[in-house]
Amino acid sequence: MTLASLTKPWAPMSYGFLDASAKRELRRKMIKAVCVPGCQMPYASREVPMARGWGTGGLQVSLTLIHPQMRVKVIDQGADDSVNAASIRRFLARVSGAPATLDTLEADLIQSRHRIPEEILREDQVLVLQVPNPEPLRSVQPNMSIARQMHGDADYGRMWLQLYEQIVRSGRVMQGASYPSMVNGRHVMTPSPIPRWDVPKLHMAQHLTILSAGREKRIFAVPPYTRVEPLVFDDVPYRVEEHGGLTCYRSGAKGFFMNEIPQGDGSSAYEVSDSEYGVKAIRTRDGEAIETGETWYKNGEMPQ
Amino acid sequence: MLSPPLPDAAETRANATFDAILWALSRPGLPRALPEAGEGVLIEALLDRECQVYAGDPLLIPLIGQTGARLVDIARADHVFLGRLTDLSLLGHCAVGSDLYPDDGATVVLRASLGSGDSLRLTGPGVNGAVEVQIGGLPGGFWHRRAELLRYPMGFDLLVLDGDRIIGLPRSTSIEVL
């Protein structure tokens, strides 16, 4: 054994920013997360040059998976061009040399804040969701040690009680985003603050989803072809946002998740939230030959 | 602006190895190709001085030693390398974690031959309907013993190696011997 065999040649920076030991730790935890779908696995969550709570969890997963041939797409609330998405995309390109793309169909890795693209993801794609609060039980049990015990016991009665109280108080389930969902019939997870519209996309999906909370140091995953069932009552069906009938005022796309834009006269205009899908719709309308993938929702409805 | 760093050979190998492991475990029963045959690439991609390892195959001990991982007895190991398994009782000693911390369950790597031997039907997360695989070269009653030892979410996760091919069998997969 020589000194040279114990050390590595000097380099100004580790490939993909994270050092090798951080990557190995994340790899070990990702393996466990995939093996127990929906169960929160603690991990170290290293420092990255971005404030905790701005996607550091998702970023660490992306930095571990990335290699120079991997096409990366980063979205923030459906948009490719928001500050958070643009900054993360530029950072990933800078530390890895991986090509960036805006097209969902071209991407190998999609890091997303709070949306799942409208086009169906394939088996070879990985979706990384940024998670601010990984604990679905926090609103009913602030003590995380007790919450862990409740997960261990599959003691989720209070989750239904919370939904019941919302129905009694407001006449309907008020949970807008982070809708608690049962994964593989065992662990309740928060799907990160994606709208209710996006939760059915995770159910028996073809792609692997990794959810990572950097500030809270928890990682969990939904493998392909895994049951993800929103918590509901037998007589109160799960309802997504009523966006099925809305039309995007810019692209004319109809039946997708929309951003509401208040107008001066008190009315609202709507534009499609998945910005690249909107761009594709506009370019198709203008006669360009653009490949648009199959969408999860068809005519504003998710086929069962 | 700085030019982006280039991955060295070790980083490329570890990245490709982990890609294969992650996919193998996300799609149980479907073989993936490792960049090189054998446990060496797995050891390089996963282990460091934070790990406690059991090596059933003495030839792996120098490789594991280089990573700084500690060699311990099988019950305390988070990574178990069984090599070609002959003694089924070893399986019963693998850590299965707890209901509170299922991640304490071991990652178990063993060698077997894919495409011959017991026919298995896999169902569970990651499997589209059901998938059938043949895995041979394991002691008799292996799959029955595995089913006895797992109590989901407690359990261990299997990585089955045949040369440079790898199959993942996470604890969430139910295995029926045909």
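So that the names make sense, note that chain A is the first sequence line, chain B the second, and so on, each numbered from 1.
- The greatest number of non-hydrogen atom pairs below 4.5 Å with chain B, out of A/Cys35, A/Ala20, A/Pro9, A/Ala154, is found for A/Cys35.
- Proximity to chain B (any heavy atom under 4.5 Å) is shown, for A/Pro37, by both the backbone and the side chain.
- Of the two parts of A/Ala98, neither the backbone nor the side chain holds a non-hydrogen atom closer than 4.5 Å to a non-hydrogen atom of chain B.
- Of the two parts of B/Leu6, only the backbone, made up of N, CA, C and O, holds a non-hydrogen atom closer than 4.5 Å to a non-hydrogen atom of chain A.
- For B/Asp19, no part lies under 4.5 angstrom from a heavy atom of chain A.
- At a 4.5 Å heavy-atom cutoff, A/Gln206 makes no contact with chain B through either its backbone or its side chain.
- Only the side chain of A/Arg186 comes within contact range of chain B, with at least one heavy atom under 4.5 Å from a heavy atom of that chain.
- The greatest number of non-hydrogen atom pairs below 4.5 Å with chain B, out of A/Ile66, A/Thr64, A/Asp153, A/Asn184, is found for A/Asn184.
- Residue contact with chain B, scored on non-hydrogen atoms closer than 4.5 Å, involves the side chain of A/Ile210 exclusively.
- For the pair A/Ser14/B/Pro5, no side-chain contact is recorded, criterion being any heavy-atom separation below 4.5 Å from C-beta on.
- Between the side chain of A/Lys32 and the backbone N or O of B/Asp157, no donor-acceptor pair lies under 3.5 Å.
- When each of A/Thr226, A/Val222, A/Val34 is paired with B/Pro125, the side chain to side chain contact (heavy atoms under 4.5 Å, CB included) condition holds for A/Thr226 and for no other.
- Put simply, of B/Asn15, B/Asp99, B/Asp8, the one with the most heavy-atom pairs under 4.5 Å next to chain A is B/Asn15.
- Note: B/Ile21 CD1 to A/Arg27 CZ = 8.5 Å, rounded to the nearest 0.5 Å.
- No part of B/Ala16 comes within reach of chain A, as not one of its non-hydrogen atoms sits under 4.5 angstrom from that chain.
- By the 6.0 Å contact criterion, CD on A/Glu47 is open, its count of non-hydrogen atoms from other residues, nucleotides or ligands being 12 or less.
- Among A/His151, A/Glu123, A/Met150, the residue making the largest number of heavy-atom pairs under 4.5 Å with chain B is A/Glu123.
- Here the shortest heavy-atom pairing between A/Tyr225 and B/Val127 reads CB-O, 3.7 Å.
- Contacts of A/Ser96 with chain B are made by backbone atoms alone, with heavy-atom separations under 4.5 Å and no side-chain atom involved.
- Interface remark: of the candidates B/Thr12, B/Leu22, B/Leu169, B/Leu22 forms the most heavy-atom pairs closer than 4.5 Å to chain A.
- Scanning residues 24-45 of chain B against chain A with a 4.5 Å non-hydrogen threshold yields B/Leu25, B/Ser26, B/Arg27, B/Glu44, B/Ala45, sorted by number.
- Contacts between residues 69-80 of chain B and chain A, defined by a heavy-atom separation under 4.5 Å, are made by B/His79.
- Counting heavy-atom pairs closer than 4.5 Å to chain B, the top-ranked of the candidates A/Gln149, A/Gln40, A/Glu25 is A/Gln149.
- Looking only at heavy-atom pairs under 4.5 Å with chain A, the residue among B/Pro153, B/Pro170, B/Gly124 that has the most is B/Pro153.
- Rounded to the nearest 0.5 angstrom, B/Asp103 CG and A/Cys39 SG are separated by 7.0 Å.
- One distance of note links CG of B/Leu47 with CZ of A/Arg24; it measures 8.5 Å at 0.5 Å rounding.
- Of the listed residues A/Arg227, A/Met204, A/Met30, the one with more heavy-atom pairs under 4.5 angstrom with chain B than any other is A/Met30.
- Heavy atoms of A/Asp124 lying under 4.5 Å from chain B belong exclusively to its backbone.
- Interface remark: B/Ser98 contributes no atoms to any contact with chain A (heavy atom separation under 4.5 Å).
- Counting heavy-atom pairs under 4.5 Å between each of B/Gln66, B/Arg49, B/Glu11, B/Glu50 and chain A puts B/Glu11 at the top.
- Put simply, CZ on B/Phe18 and CZ on A/Arg28 are 11.0 Å apart, with the number rounded to the nearest 0.5 Å.
- Ranked by heavy-atom pairs shorter than 4.5 Å toward chain B, the options A/Val183, A/Val95, A/Val126 are led by A/Val95.
- The number of heavy atoms from other shown groups lying within 6.0 Å of CZ (B/Arg84) is above 12.
- Contact annotation: the side chain of B/Pro4 never approaches that of A/Arg94 to less than 4.5 Å [non-hydrogen atoms, C-beta and beyond].
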